[in-house]
Colleague: 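Quick one: the structure is below, questions incoming.
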Amino acid sequence: MPLRPLTLLVTLLHVYIGLRLLPALASLTGAWPLLLAALLLSAATMPLPFIGARTGARRPALAHGWKWLGLLSMGWFSSIFVLTLVRDAGLLLAWALALVGGGSIDRAGAQSWSAAAVALLATLVTLIGFFNARRTASVVRVDVPIRDLPAGLEGFTIAQLSDIHVGPTIRRGYIQRIVDAVNRLGADMVAITGDLVDGTVSELREHVAPLAGLRARHGTFVVTGNHEYYAGAHAWIDELRRLGLRVLLNEHVVLQTRNVRGAQTEEEVLDSALVVAGVTDYTAAHFDAAHASDPQGALDNAPPLVRTRLLLAHQPRSAPAAAEAGYQLQLSGHTHGGQFFPWNLFVPLQQPFTAGLHRLREMWVYTSRGTGYWGPPKRFGAPSEITLLRLVPEQP
């Protein structure tokens, strides 16, 4: 949507909130100008990230500050708008029930106290959400039971990062904390399942650089997400490879594990190996036809004796094709677990899984809630995560 219509829409929505809350709040407390000031600040600053994107080349420090203000406002506005709608629906329902039941309600009191509750709750949720978003993601440990898992792969660990979204508010220090946390895990491999960046290589090269310090026995593997294509995927693929990360574009590698016990033949060695495949984003063909996502093609020429196959795919929507291709496990992200209410309610409309470990036929799918966040620095009810997955034998 062009900037002017978007600004007009945002302004009108703020007017709606003001008309619904301010008169009711004024009858309860003299503090109502605080809400008025907050609404004015929000309406004025929400368009600033888009203005900043246009003027950032001339005044980058000012543009960066604009983006912070606008994104913070977006987070607060999202909550107060949804809560205002919920309040209006609740008041209407209470009035209807009273009308049907022949009773009465204190409409003025209900309107006043509910207006105060909306303003306070929206602010509280935004503050908590900001803390949750800005802290270093916690480690979530997940055991994945694999049928007929070779002995050499028992206990194999994968540190998964996803949806970091390096950009306006996620910078070098944030990334360095993630790298330090991952390195303390001592994982066998690191998987970055897309949406690493929200900006061009020239803008963000310095802030992504700490990823070169990731340490794992078999290295770090990356697949593209939809945001890489918004930001210039080809340039980012080159940059990530320059940092020493392995970008998998509908291809695979075969990892020889450290726990091959007494293997004497090539068959025994391959049986305890792991195929790690990676596909481009589910929507990549819209940006580059040559990057069309292909879980089956990612296995081309894979040794048939390697029975255990892992797929890195940004979107859970890749899972049906992956299950058909014969993978045992798919690691995905994209959903952010909804990031904050009420957006978690809409994820199932597009994706088969929102978060966590799920089974699709004979394949497991793990969907990360994401290690960073997108847009507003806000997470509520969907905490960020660094996932440590461990392969274990499936119990009969």
Side-chain angles (χ1 to χ4, degrees), residues 1 3-50 68-134 336-349 373 375-383:
M1 181 181 292
L3 185 57
R4 288 184 179 178
L6 179 62
T7 302
L8 177 61
L9 175 62
V10 166
T11 301
L12 291 175
L13 291 176
H14 280 81
V15 169
Y16 161 72
I17 295 170
L19 291 174
R20 297 302 302 147
L21 299 184
L22 289 172
L25 196 60
S27 67
L28 179 68
T29 173
W32 64 269
L34 293 176
L35 178 59
L36 175 60
L39 288 170
L40 292 172
L41 180 64
S42 176
T45 58
M46 276 183 60
L48 293 183
F50 307 99
W68 260 107
L69 281 173
L71 292 170
L72 287 167
S73 294
M74 285 180 197
W76 180 76
F77 168 78
S78 176
S79 289
I80 199 166
F81 176 64
V82 169
L83 289 172
T84 299
L85 292 177
V86 171
R87 169 185 177 267
D88 284 353
L91 289 173
L92 181 62
L93 178 62
W95 174 79
L97 291 175
L99 186 65
V100 171
S104 63
I105 60 172
D106 179 7
R107 295 183 64 179
Q111 289 178 348
S112 298
W113 286 105
S114 61
V118 164
L120 291 173
L121 188 57
T123 302
L124 180 62
V125 166
T126 302
L127 290 173
I128 294 173
F130 178 81
F131 171 79
N132 288 339
R134 294 301 300 173
H336 298 213
Q339 191 161 316
F340 58 89
F341 180 85
W343 311 118
N344 57 305
L345 303 179
F346 297 101
V347 172
L349 299 178
Y373 55 85
K378 182 176 181 179
R379 275 190 174 272
F380 191 84

Colleague: With side chains defined as the heavy atoms from C-beta onward, is the minimum distance between Ile17 and Phe77 less than 4.5 Å?
Modeller: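 Counting from C-beta outward, Ile17 and Phe77 do come under 4.5 Å.
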Colleague: What distance separates Thr84 OG1 from Leu21 CG, expressed to the nearest 0.5 Å?
Modeller: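 Separation between the atoms: 4.0 Å.
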Colleague: Going by heavy atoms in the side chains, are Leu72 and Trp68 under 4.5 Å from each other?
Modeller: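 Result yes, sub-4.5 Å side-chain heavy-atom pair found.
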Colleague: Check whether any side-chain N or O of Ser42 sits under 3.5 Å from a backbone N or O of Ala38 as a donor-acceptor pair, and report yes or no.
Modeller: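 Checked: no pair found.
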Colleague: Taking C-beta and beyond as the side chain, do Ser79 and Leu121 meet within less than 4.5 Å on heavy atoms?
Modeller: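 Side chain of Ser79 against side chain of Leu121, heavy atoms only: no contact under 4.5 Å found.
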Colleague: Indicate the atoms forming the closest heavy-atom contact of Phe340 with Ser78, along with that distance.
Modeller: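 Result for this residue pair: CE1-OG, 3.3 Å.
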Colleague: Can you find a pair of side-chain heavy atoms, one from Leu39 and one from Trp76, that are under 4.5 Å apart?
Modeller: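 Sidechains of Trp76 and Leu39: in contact.
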Colleague: Working to the nearest 0.5 Å, report the span between CZ of Phe130 and OH of Tyr373.
Modeller: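 With rounding to 0.5 Å, CZ (Phe130) is 7.0 Å from OH (Tyr373).
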Colleague: Compare every heavy atom of Thr126 with every heavy atom of Gly75, then report the nearest pair and how far apart it is.
Modeller: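 Here Gly75 and Thr126 meet closest at O-OG1, 3.9 Å.
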Colleague: Out of curiosity, Lys378 NZ to Asn132 CG, how far, rounded to the nearest 0.5 Å?
Modeller: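 One finds 11.0 Å between NZ of Lys378 and CG of Asn132.
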Colleague: Does the side chain of Leu83 reach to within under 4.5 Å of the side chain of Val125, using non-hydrogen atoms?
Modeller: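 Contact flag for Leu83/Val125 side chains = no.
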Colleague: Do the ring planes of Phe81 and Tyr16 sit parallel (below 30°), tilted (30 to 60°) or perpendicular (above 60°)?
Modeller: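 Rings of Phe81 and Tyr16: perpendicular, as their planes differ by over 60°.
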Colleague: How close do Arg87 and Ala24 get, counting heavy atoms only, and between which atoms?
Modeller: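 Scanning both residues completely, I find the closest heavy atoms to be NH2-CB, 3.8 Å.
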Colleague: Closest approach of Ala119 and Thr123, non-hydrogen atoms and distance?
Modeller: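 Scanning both residues, the minimum pair turns out to be O-OG1, 2.9 Å.
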Colleague: Can you give me the closest heavy-atom contact between Ser112 and Leu28, atom names plus distance?
Modeller: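 Residues Ser112 and Leu28, closest heavy atoms: O-CD2, 3.7 Å.
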Colleague: Kindly give the heavy-atom pair with the smallest separation between Met74 and Met46, and that separation in Å.
Modeller: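 The pair with the smallest heavy-atom distance is CE-O, 3.5 Å.
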Colleague: Within a strict 4.5 Å, meaning less than it, do heavy atoms of the Asp88 and Leu92 side chains meet?
Modeller: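 Asp88 does not reach Leu92 side chain to side chain.
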Colleague: Can you tell me how far CG of Leu25 sits from OG of Ser114, rounded to the nearest 0.5 angstrom?
Modeller: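 So the OG of Ser114 and the CG of Leu25 are separated by 10.0 Å.
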Colleague: Under a 4.5 Å cut-off applied to non-hydrogen side-chain atoms, are His336 and Arg379 in contact?
Modeller: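 Counting from C-beta outward, His336 and Arg379 do come under 4.5 Å.
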Colleague: Can you tell me how far CD1 of Ile80 sits from CG of Leu85, rounded to the nearest 0.5 angstrom?
Modeller: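 Here the rounded value is 11.0 Å.
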